[in-house]
There are 2 protein chains.
Amino acid sequence: MVAAHAGRPGEDVSAVSSEHRGIAGPLQVPSRMLMGPGPSNAHPRVLAAQTLPLLGHMHPSFFKIMDEIQGGLRYLFQTSSPYTLCISGTGHAGMEAVIANLLEPGDKILVGNNGIWGERVSDMAARFRAEVVQLRAPAGRTFSTAELKAALTQHRPAVLFLVQGESSTGAHQARARARGALGDGLGEACRAAGTLLVVDAVASLGGVPFLGDEWGVDAAYTGSQKCLSAPPGAAPLFLGERALAKLRGRASKPATYNLDLNLIGDYWGCTFFLMGPSKQFSNMTSGGRWAASLVYVGAIVATLVIAFTVKGIPGGVLVIVMIVLQFIAALWYCATYVPGGPELLAKCFGIKT
Amino acid sequence: MVAAHAGRPGEDVSAVSSEHRGIAGPLQVPSRMLMGPGPSNAHPRVLAAQTLPLLGHMHPSFFKIMDEIQGGLRYLFQTSSPYTLCISGTGHAGMEAVIANLLEPGDKILVGNNGIWGERVSDMAARFRAEVVQLRAPAGRTFSTAELKAALTQHRPAVLFLVQGESSTGAHQARARARGALGDGLGEACRAAGTLLVVDAVASLGGVPFLGDEWGVDAAYTGSQKCLSAPPGAAPLFLGERALAKLRGRASKPATYNLDLNLIGDYWGCTFFLMGPSKQFSNMTSGGRWAASLVYVGAIVATLVIAFTVKGIPGGVLVIVMIVLQFIAALWYCATYVPGGPELLAKCFGIKT
């Protein structure tokens, strides 16, 4: 079966075949109560929000929404990390983003394997040429602080991976002392061993307590389609300071462009120094942030005024004046508008704001 | 600021901090006409469909929708390939899926680079340790058949990559003889050189003619958010027979689990032999497909009848009878219900259906 000519005038294009066109009936989507190890039901408000029109990914209104999402995710993960965002993809994409970016080829990862997600991460980490060491527990069991600490001492891995909610069995790597290790000194032990603590919270975040900073978690990710009651397609994650240092200090690019967390963090404007020009510009020009760009413009104007009023001033001096003024403007901008900026200034320059 | 205790009775969990909770105002989404190199406006019917409830990814009704999508995508790509599906993620995910799966470390890829997408693929392919050779054209220009054929002869790459619609400049690698090479004998030239022809159709598919099979395209991908007028988040793609052979014959697993096209094709039931047990079972039990499972059950019943009625029959013979009956059932199932099944039977066994 053949339909109309497909090209424009002057184009030499064959006709389009309707062989696979088919006649789709109305979309049949029954209502189901979803309680299994797949997506959960989405909240009606989430579904309703999906009828809103699309915006471009560089649109100031869109950046504002991203900022609100970032704040909400910091609350959700109970972290103050500037590097908190979500990526396009399922929970698997969140897992792969963390594994691909925090492991370099040859790095050792210690995987707490008590179900399919430990298996999955072991498979994945091997694809990124990491050395995988598994710590196994029977299905349905979790890991004690003692056995995890012993394994850290024995293996000194670059990364320790744990699943908070193992959806294949329902096992909850919980805070309760009798049953789990998260929050029970494990974060400190990981720091001492030079190990990044990575937690899969896909099936658990929003359903059970998760205290990212207090527990010393270095990276965690989740999916939108579980306790957050949204459709699949977004994977929230955060990287703590040590994970971010590892990401920045990589010797090689991660074996993914799509999930390169340096580039994604740049787009989200997660840190001042990584902030992409578009978001930076938008931050400067949208909402109440005109003030920041006025300070930048002020630095340029002040330099020009000096250039035209002070006679005989050498060009090199002018350039230095300009740099100093812009540096001051940057400090002020950082202190005022950058998430985590005041802490950064306190740490780097001892400036209390 | 500190909110309520986060744990369940008996759990030793700190209180949750409300520091980052914030008070989000109503979601502000202005209406914009999107004509730039980002997403396009979504069709109101698409937005309305997004209010439908979620289904599980193993639900028979969901498989039925996937089958309809597959059919629609075959029409869209103008291909009869059984391996036609979409993946969760943006157009970048589609690009990475094709590049990561069709290149093994050390493979040579010839990239037609006339804008940012050729640059992007070059960066990406290098991350997967491929050898990248660029064929450059000035921004706004496309490649002639003659220069592409010459480059194929010179480099004999494993993959030739072209962008159909280079969104950074608007250049259209079109069929028209004066302006482009797609359809102008390039597919045959790639076959002769042992090269897979991969086409990026993110910004073009649905907007300009694309004839996958007729042009001899071995793999192509697109995004949902351009000419298809849906939100971003799904990347349709297809692999032709030669690309599928390359995928199946890989010496190493691709450096991605999330986008491993063997596993994704398995889930989508793209080929009989790769078909996952869940989809296979669903195909057998949903809709009009009870017939297929009845034939399977019939094979078992027939064997049991023989076992209990024919005296003194050896166990080994029974097993062989069972295998033969199930093989016949499988052939019938393949001929009746598997996309591309009849062609497969004709090719492998010379059976015309």
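Order of the sequence lines fixes the chain letters, A, B, ..., with proteins taken first and strands second; residue numbering starts at 1 for each chain. These numbers come from the heavy atoms of this one structure, side chains and all, not from hydrogens, waters or symmetry mates. Since the structure is predicted, the reported quantities are computational estimates derived from the model, not experimental observations.
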## Note on the structure
Cut-off 4.5 Å, heavy atoms of chain A, and the answer for B/Ala230 is backbone

### Summary
Heavy atoms of B/Ala15 and A/Leu211 approach each other most closely as O-CD2, 4.3 Å

### Task
With the side chain counted from C-beta on, respond yes when A/Ser88 and B/His92 share a heavy-atom pair under 4.5 Å apart, and no when they do not.
no

### Query
What residue, out of B/Met95, B/Gln225, B/Arg120, has the most heavy-atom pairs lying under 4.5 Å from chain A?
B/Arg120

### Query
So which of A/Ala126, A/Pro231, A/Gly89, A/Ala255 has the biggest tally of heavy-atom pairs under 4.5 Å with chain B?
A/Ala255

### Task
Check whether any side-chain heavy atom of A/Pro53 sits under 4.5 Å from a side-chain heavy atom of B/Val29, and report yes or no.
yes

### Query
Just wondering, are more than 12 heavy atoms of other shown residues or ligands nearer than 6.0 Å to CZ in A/Arg250?
yes

### Query
Do you know which two heavy atoms are closest between A/Thr51 and B/Ala48, and how far apart they sit?
CG2-CA, 4.5 Å

### Query
Between B/Ser252, B/Pro37, B/Pro39, B/Gly38, which residue shows the highest count of heavy-atom pairs closer than 4.5 Å to chain A?
B/Pro39

### Message
Quick one, A/Ser61 with B/Gln28, criterion side chain to side chain contact (heavy atoms under 4.5 Å, CB included). Give me CA distance, side-chain angles, the key distance, then yes/no.
### Response
CA-CA 7 Å; A/Ser61 307; B/Gln28 300 285 345; over 6 Å; no

## Note on the structure
Max heavy-atom pairs within cutoff under 4.5 Å with chain B, candidates A/Asn41, A/Thr256, A/Leu27, A/Leu34, goes to A/Thr256

### Message
Looking at chain A, which one of B/Ile99, B/Asp213, B/Thr79 has the largest number of heavy-atom pairs inside 4.5 Å, strictly under?
### Response
B/Thr79

### Query
What part of B/Leu52 gets closer than 4.5 Å to chain A, counting heavy atoms only: side chain, backbone, both or neither?
both

### Message
Between B/Lys253 and A/Asp123, is the side chain to side chain contact (heavy atoms under 4.5 Å, CB included) condition met? List the steps.
### Response
CA-CA 10 Å; B/Lys253 287 184 186 178; A/Asp123 176 336; 3.5 Å; yes

### Summary
Closest non-hydrogen atoms of A/His20 and B/Ser80, given as atom of the first, atom of the second and distance, are NE2-OG, 2.9 Å

### Message
Within the structure provided, determine whether B/Pro232 and A/Leu54 are in side-chain contact (heavy-atom separation under 4.5 Å).
### Response
yes

### Donor-acceptor under 3.5 Å (B/Glu96 side chain, A/Tyr257 main chain)
yes

### Query
What is the distance from atom CG of A/Leu55 to atom CZ of B/Arg32, rounded to the nearest 0.5 Å?
7.5 Å

#### Entry: Results of side chain to side chain contact (heavy atoms under 4.5 Å, CB included) for B/Asp260 - residues two or more places apart only
A/Arg127, B/Asn101, B/Pro254, B/Asn262, B/Leu263

### Message
I'd like to know if the side chain of B/Gln78 and the backbone of A/Ser17 have a donor-acceptor N/O pair within less than 3.5 Å.
### Response
yes

### Choice from A/Lys64, A/Met124, A/Gln50, A/His57 maximising heavy atom contacts with chain B below 4.5 Å
A/Gln50

### Query
What is the distance from atom CG of A/Leu76 to atom CZ of B/Arg21, rounded to the nearest 0.5 Å?
11.0 Å

## Note on the structure
Residues A/Val16 and B/Tyr75: closest non-hydrogen pair is CG1-CE1, 4.0 Å

### Task
Go through the atoms of B/Thr84 and report whether side chain, backbone, both or neither lie under 4.5 Å from a heavy atom of chain A.
neither

### Task
Please list, chain by chain and in numerical order, all residues satisfying side chain to side chain contact (heavy atoms under 4.5 Å, CB included) with A/Ile69, sequence neighbours excluded.
A/Ile65, A/Leu73, A/Cys86, A/Trp268

### Inter-residue atom distance B/Asn258.CG - A/Asn258.CG, 0.5 Å rounding
8.0 Å

